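No experiment lies behind these values; they were computed from the predicted model shown.
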Amino acid sequence: MLDYGGLQAVAMVVRTGSFEKAAQKLSVTPSAVSQRVKALEERLGTILIVRGQPCTATSEGELICRHVEQVLMLEHDLSAALPPLPPNRDSEDRVTIPLAVNSDSLATWFLSAAAASFSTGYLFDVIVDDQDHTTDILKAGRAIGAVTAQPEPVAGFKTFSLGAMTYLATASPAFRQRYFSNGLTKETLQKAPGIVFNRKDSLQDIWVRKVTGQQVAFPNHWLPSSHAFIDACLLGLGWGMSPLYLLHHHLANGTLVDLAPAHPIDVPLYWQIKSSAATPLKVLTETIVAYARSNMNRPF
């Protein structure tokens, strides 16, 4: 059996980013934490922590962290079921749940779902990535739950449909008049700057192909922030695809215009949760599914 003092030390170093902070959390000396980690690494014959500022986990270290989290989840449920051992919400053993979430869900409905499930006592470590790539985080063992565009479950995970997030291509009225007064064509799009979230973001390209029927190379800004994305459109920096949830107010008051009302893009989203964590995190899953389905495209 593995030494759980060592497992806990590894998980705490990764959580806090340093041996000193981990020692404070565990009420031991930094030397004791270092010795526990080193002893476990020697027993397993592999490095678990990359020493640095901050300290990070290796792939093997990530597996250790996920194991510790699942043990703590089981203890959390056991404490809640045993009156003599009520859960201690102020304990340093509170479970931190690593979740992968796309930026637009985080900017719209996800935090409301997290807040509604916070009474469970879990803490959240949110990793942000594009919805087409959050399953890569699951495969790497860096998270036990994710909002993703992939319906096929990663091995060892369960999938729940969340509905579809609707995106519209918008720009300021002045931008539309300047670049698209003659319509949306390959030629006008080649001159109109677009706004793209990051190198993984293909949504603008998908919309362009849908509207024009062909691939178009357009000039673009890179802007990895959902709210700044809309601010950039409002300021006339370019056109971009944003969630309907964040656009209702701007469309209503005319500060943004829908460039192609007949061509919205619906992106189906799914919640994937590790099968072994599905029961302890049942309330979290139920809350996320309910909030996503009822709030994803509602007026903000």
| request: With the side chain counted from C-beta on, respond yes when Phe175 and Pro193 share a heavy-atom pair under 4.5 Å apart, and no when they do not. | output: yes
| Any donor and acceptor pair, going by atom type alone, linking the side chain of Asp201 with main-chain N or O of Ile195 inside 3.5 Å? | no
| Using 4.0 Å as the upper bound for N to carboxylate O, is an ion pair formed by Glu69 and Arg66? | yes
| Can you tell me if CD on Gln53 sees more than 12 non-hydrogen neighbours from other groups inside 6.0 Å? | no
| Validation row: Lys25, Thr16 side chains within 4.5 angstrom (heavy atoms) | yes
| N-O pairing of Lys200 and Asp129 below 4.0 Å | yes
| Is there a side-chain contact (heavy atoms from CB on, under 4.5 Å) between Leu259 and Tyr179 once you walk through the steps? | CA-CA 11 Å; Leu259 295 177; Tyr179 289 100; over 6 Å; no
| Gap separating the OG atom of Ser18 from the CZ atom of Arg51, nearest 0.5 angstrom | 12.5 Å
| Does Arg178 CZ have over 12 foreign heavy atoms under 6.0 Å away? | no
| message | Under 6.0 Å from the ring centre and within 45 degrees of the ring axis: does the NZ or CZ of Arg176 meet both conditions for the six-membered ring of Trp239? | response | no
| message | How close do Ile137 and Ala100 get, counting heavy atoms only, and between which atoms? | response | CD1-CB, 3.8 Å
| said: I'd like to know if the side chain of Asp258 pairs up with that of Thr170 as donor and acceptor (distance under 3.5 Å, no hydrogens or angles considered). | reply: no
| query | Which atom pair, heavy atoms only, marks the closest approach of Pro173 to Gly254? | reply | CG-O, 3.3 Å
| task | Starting from the C-alpha separation in whole Å, work towards a yes-or-no answer on side-chain contact (heavy atoms from CB on, under 4.5 Å) for Ser112 and Asn295. | result | CA-CA 9 Å; Ser112 295; Asn295 292 286; over 6 Å; no
| Going only through I, L, V, M, F, W and Y residues with side-chain contacts under 4.5 Å, is there a path from Phe124 to Trp109? | yes
| Pair Ser103, Ser226: side-chain N/O donor-acceptor within cut-off below 3.5 Å | yes
| Donor-acceptor contact below 3.5 Å, side chain Thr58 vs main chain Gly61 | yes
| query | Between the side chain of Thr134 and the main-chain N/O of Val147, is any donor-acceptor distance below 3.5 Å? | reply | yes
| said: Is there a path of hydrophobic side-chain contacts, each under 4.5 Å between heavy atoms, that joins Val71 and Leu123? | reply: yes
| Working for side-chain contact (heavy atoms from CB on, under 4.5 Å), residues Phe229 and Asp104 | CA-CA 10 Å; Phe229 212 87; Asp104 287 334; over 6 Å; no
| request: To the nearest 0.5 angstrom, please state how far the CG atom of Asn198 sits from the CG atom of Leu223. | output: 10.5 Å
| Within-4.5 Å side-chain heavy-atom neighbours: Val28 and Arg36 | yes
| task | Flag the pair Lys274 / Phe157 as yes when at least one side-chain heavy-atom distance between them is below 4.5 Å, and no otherwise. | result | yes
| field | Under 3.5 Å donor-acceptor, Gln131 side chain and Ser105 backbone | value | no
| request: Indicate yes or no for a side-chain donor-acceptor contact from Thr212 to the backbone of Val208 under 3.5 Å, with no hydrogens or angles considered. | output: yes
| field | Shared hydrophobic cluster, Ile206 / Trp222 (ILVMFWY, side-chain heavy atoms < 4.5 Å) | value | yes
| What is the distance from atom CD1 of Ile273 to atom CZ of Phe160, rounded to the nearest 0.5 Å? | 8.0 Å
| said: Assigning hydrophobic clusters by single linkage (Ile, Leu, Val, Met, Phe, Trp, Tyr; side-chain heavy-atom cutoff under 4.5 Å), is Val289 placed with Ile97? | reply: yes
| query | Looking only at atom types and distance, does a side-chain atom of Lys210 sit under 3.5 Å from a main-chain N or O of Pro264, one as donor and one as acceptor? | reply | yes
| Can you find a pair of side-chain heavy atoms, one from Ser117 and one from Tyr122, that are under 4.5 Å apart? | no
| task | For the residue pair Leu251 and Leu168, establish whether any side-chain heavy-atom pair is separated by less than 4.5 Å. | result | yes
| task | Given side-chain contact (heavy atoms from CB on, under 4.5 Å), test Thr166 with Tyr245 step by step and report yes or no. | result | CA-CA 8 Å; Thr166 298; Tyr245 182 104; over 6 Å; no
| query | Where the side chain of His221 meets the backbone of Gly238, is there a donor-acceptor pair that is under 3.5 Å apart? | reply | no
| request: Calculate, to the nearest 0.5 Å, the distance between atoms CG and CE belonging to Leu246 and Met165 respectively. | output: 8.0 Å
| query | Do the side chain of Trp207 and the main chain of His263 share a donor and acceptor less than 3.5 angstrom apart? | reply | yes
| query | If we only count heavy atoms from C-beta on, is the Tyr291 to Leu162 side-chain gap below 4.5 Å? | reply | no
| task | Please check if the side chain of Gln150 supplies one atom and the backbone of Gln272 the other of a donor-acceptor pair under 3.5 Å. | result | no
| Under 3.5 Å, is there a donor-acceptor pair linking the side chains of Ser276 and Gln70? | yes
| field | Single-linkage hydrophobic cluster, 4.5 Å side-chain cutoff, Tyr167 and Leu189 together | value | yes
| request: Find the distance between NE2 (His250) and CG (Leu234) and round it off to the nearest 0.5 Å. | output: 5.0 Å
| field | Interatomic distance, Arg293 atom CZ to Leu269 atom CG [nearest 0.5 angstrom] | value | 12.0 Å
| field | Gln204 side chain to Met241 backbone, donor-acceptor under 3.5 Å | value | yes
| remark: Closest non-hydrogen atoms of Asn297 and Ala164, given as atom of the first, atom of the second and distance, are ND2-O, 2.9 Å
| task | Using a 4.5 Å cut-off on heavy atoms from C-beta on, say whether the side chain of Pro98 contacts that of Ile144. | result | yes
